[in-house]
Amino acid sequence: MTHVTERFFITTAISYPNGVPHLGHAYELMASDAIARFMRLDGRDVFFLTGTDEHGLKMAQTAEREGLTPLQLADRNAAAFRAMGKALDATNDDFIRTTEPRHHAASQAIWKRMEANGDIYLSKYSGWYSVRDEAFFDEKELTTGEGGKRFAPSGAPVEWVEEESYFFRLSAYQDRLLALYAGQPDFIGPDSRRNEVVSFVERGLEDLSISRKTFTWGIPVPGDTKHVMYVWVDALTNYITAAGFPDEQAPRWKYWPASVHIIGKDIVRFHAVIWPAMLMSAGLPLPKRVFGHGFLTNRGEKMSKSLGNVLDPIAMSQQYGLDAFRYFFLREIPFGADGSYSHEAIVGRLNADLANDLGNLAQRSLSMVNKNCDAKVPPRNALTGDEEALLASAYALAGGGRKHMDSFALHAILADIWRVVGDTNRYFAAQAPWALRKTDLARMETVLWTTAEVLRVIGLLAQPFIPLAAQKLLDLLAVPGDRRMFAHAVPDHALVPGTGLPAPTALFPRYVEPEAAGEGA
RNA sequence: GGCAGUGUAGCUCAGCUGGUUAGAGCGUGGCACUCAUAAUGCCAAGGUCGGUGGUUCGAGCCCACUCACUGCUACCA
């Protein structure tokens, strides 16, 4: 029987590098990384992509302000995004930059295919434009002042401008898009986003302006170099660029269509409406899922430079530890919903869940093994119902995790794992192996074996979320490197009595406030 | 304005197609234990499930109205 490994292609959005990466970028990358790791551990052939979206007016303007060329700015900040990925131990397989030649080629190729399909035409884009806001406004949004002068909501004056632009016949795809949403209910997640997109498309689609003549920092439109591509074609195409497009013989083309695009909730529509329409036009397969995660707030307040609460994800990961940093955001916030974070909340999770519950469980059990079982996996003697039940709940984690992963409910996977952690602490306390040591050595061994075996399964399942600590835990249990897939989270691969174990060391240090020299920020 | 959604213990949230005393985690108070990272376990306090009125033998879960909050209502990555 030939077995083809199932492929899994996951992407983050590409980040706009006119500034340095912030916590929101880190969150998206960490969550996507956890999903990618999960799928690898579950035996999939994973391709995980992230990158930067480097064209456009804002990049050009920021570069000019800083006395750089746009490419110099892009080089500098793309490096910062790459560095963040390294610092967060992200396992992306590629990092795409839209300024790369491969991406120019892909963007022009998809443009030509859309054009060949009759979906691109030249026309005029017109509307009320505010120079100060750098944005167009709908007639309805404007206020009229004295002499009929029009003003944007911000109070800035607007002027009627017309600009020659290429258009994409998005309106022609309305029915096919609605059919897509209806036929594939999980195409857009979470559900609340899906409803929004459906009602948006049901209201009717207009054709989309997809080129600009007002700036030049972009990919030239094929056959008309007065125009550069506007963000839609340029940015969205990155996903197929990385898969090798337009070379459908490229080694990575087998990964397309993407299994999921993980993106912020603000750009769900672009991925769920414009992108599939573009692909339909170009005659290419559509991504299977689009999932919009929520935004992070600091104690309920949006992050902003003026509030001074924009935090550096690299510094945070160093302050709390990379695993704790990842764990907090993935455990605390239902994936897809907005979430709030604070120093106190992070420390609470770190100390309670990681240091006290899991770290201490490993420590208390493994140190008993070390002292009382000759530093070897103890014998597994007759199991009672208590052991059977606890082990069964641990072995159920992989299946339950897969189920939750169907809806990218990362927080639910972690909640389940930690429920078992809690059960194991209760089991351990109830069995009191330190008392059994004096009365019933066989029982003590069984309790310690069971606890260690549950820890093994927990370590396996926790790998996507707390990779460093999980690895350490599995090392402490002497689990061979080639026995660390989810497929091994079963009784057949249980810890083998007699296996020598290293001396236990702490998995997570408790977070202790640095003695407040000044008042805390 | 229109459409969609949310409102359950101090905090964050679970509550499947309506069915006996409404749950978890954190936080708080007390007790126990000593294997362990002053960790862990046990017990307890605390909620008229936004409001009003219905349907039903019975509603947190259904219906109507109502209050509050959130999202979407396209050219912003």
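All chains are named by letter (A, B, ...) in the order of the sequence lines, taking the proteins before the strands, and each is independently numbered beginning at 1. Because the structure is a prediction, the values reported are computed rather than measured.
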Between [atom2] of [N] and [atom1] of [X], the distance in whole Å:
{"X": "A:D423", "N": "B:G25", "atom1": "CG", "atom2": "P", "result": "10 Å"}
{"X": "A:K58", "N": "B:C75", "atom1": "NZ", "atom2": "C1'", "result": "12 Å"}
{"X": "A:W418", "N": "B:A24", "atom1": "CH2", "atom2": "C1'", "result": "17 Å"}
{"X": "A:D234", "N": "B:C75", "atom1": "CG", "atom2": "P", "result": "19 Å"}
{"X": "A:D353", "N": "B:C26", "atom1": "CG", "atom2": "C1'", "result": "9 Å"}
{"X": "A:I267", "N": "B:C72", "atom1": "CD1", "atom2": "P", "result": "14 Å"}
{"X": "A:Y427", "N": "B:C33", "atom1": "OH", "atom2": "P", "result": "22 Å"}
{"X": "A:F295", "N": "B:A77", "atom1": "CZ", "atom2": "P", "result": "13 Å"}

What's the gap between [N] and [M] when it is taken at their [atom1] atoms, as a whole Å value?
{"N": "B:U12", "M": "B:G27", "atom1": "C1'", "result": "11 Å"}
{"N": "B:C67", "M": "B:G51", "atom1": "P", "result": "15 Å"}
{"N": "B:A36", "M": "B:A14", "atom1": "C1'", "result": "31 Å"}
{"N": "B:G46", "M": "B:A24", "atom1": "P", "result": "15 Å"}
{"N": "B:G1", "M": "B:C63", "atom1": "C1'", "result": "26 Å"}
{"N": "B:A39", "M": "B:G19", "atom1": "P", "result": "41 Å"}
{"N": "B:U55", "M": "B:C72", "atom1": "C1'", "result": "33 Å"}
{"N": "B:C13", "M": "B:A9", "atom1": "P", "result": "11 Å"}

Checking base pairs now: Watson-Crick or wobble, both atom distances under 3.5 Å. What partners [N]?
{"N": "B:A36", "answer": "none"}
{"N": "B:C42", "answer": "B:G30"}
{"N": "B:A77", "answer": "none"}
{"N": "B:G25", "answer": "B:C11"}
{"N": "B:U20", "answer": "none"}
{"N": "B:G58", "answer": "none"}
{"N": "B:C69", "answer": "B:G5"}

message: Taking side-chain hydrogen bond (donor to acceptor under 3.5 Å, both in side chains) as the definition, give me every residue that meets it alongside A:S32, ordered by chain and number, with sequence neighbours left out.
response: none
query: In B/S/- notation, 5' to 3', how is nucleotides 35-44 of chain B contacted by protein heavy atoms closer than 4.0 Å?
result: BBB-SSSS--
- prompt: Sequence neighbours excluded, which residues qualify as side-chain contact (heavy atoms from CB on, under 4.5 Å) partners of A:P287?
  reply: A:F187, A:W256, A:A258, A:H261, A:W275, A:L279
message: According to side-chain contact (heavy atoms from CB on, under 4.5 Å), who are the partners of A:D266, at least two apart in sequence or on a separate chain?
response: A:F295
- request: Run the ring-centre check on A:H293 versus A:F329 and record whether the distance is less than 6.0 Å.
  value: no
field: Selection from B:C75, B:G71, B:A77 that lies nearest to any side-chain heavy atom of A:D53
entry: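 Of all the options, the side chain of A:D53 is nearest to B:A77.
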- prompt: Below 4.0 angstrom, N of the basic side chain to O of the carboxylate: do A:E54 and A:R97 qualify?
  reply: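 A:R97 and A:E54: salt-bridged.
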query: Is A:E66 salt-bridged to A:R76, cutoff N-O under 4.0 Å?
result: yes
message: Categorize A:I274 for me: base, sugar-phosphate, or nothing, with a 4.0 angstrom heavy-atom threshold over every strand shown.
response: nothing
field: salt bridge (Lys or Arg N to Asp or Glu O under 4.0 Å) contacts touching residues 415-443 of chain A (sequence neighbours left out)
entry: A:E387-A:R443, A:D416-A:R419, A:D423-A:R426
message: What verdict does the side-chain contact (heavy atoms from CB on, under 4.5 Å) test give for A:T237 and A:I219, after you've listed the backbone C-alpha separation in whole Å, the side-chain angles of each residue and the deciding distance to 0.1 Å?
response: CA-CA 12 Å; A:T237 301; A:I219 299 172; over 6 Å; no
- request: Begin from the C-alpha positions of A:D53 and A:V231 and carry the test side-chain contact (heavy atoms from CB on, under 4.5 Å) through to its verdict.
  value: CA-CA 9 Å; A:D53 167 28; A:V231 57; 4.3 Å; yes
message: Just to verify, which of A:K213, A:R212, A:K124 counts as forming a salt bridge (Lys or Arg N to Asp or Glu O under 4.0 Å) with A:E164?
response: A:K213
field: Contact nearer the 5' end of RNA chain B, comparing A:L236 with A:F200
entry: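 Its nearest nucleotide lies further toward 5', so the answer is A:F200.
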task: Between A:N18 and A:R193, just flag the one whose closest nucleotide in RNA chain B comes earlier from the 5' side.
output: A:R193
query: So, A:Y16 and A:H25: side-chain donor and acceptor under 3.5 Å apart, yes or no?
result: no
What nitrogen or oxygen pairs link the protein and nucleotides 2-7 of chain B at under 3.5 Å?
none

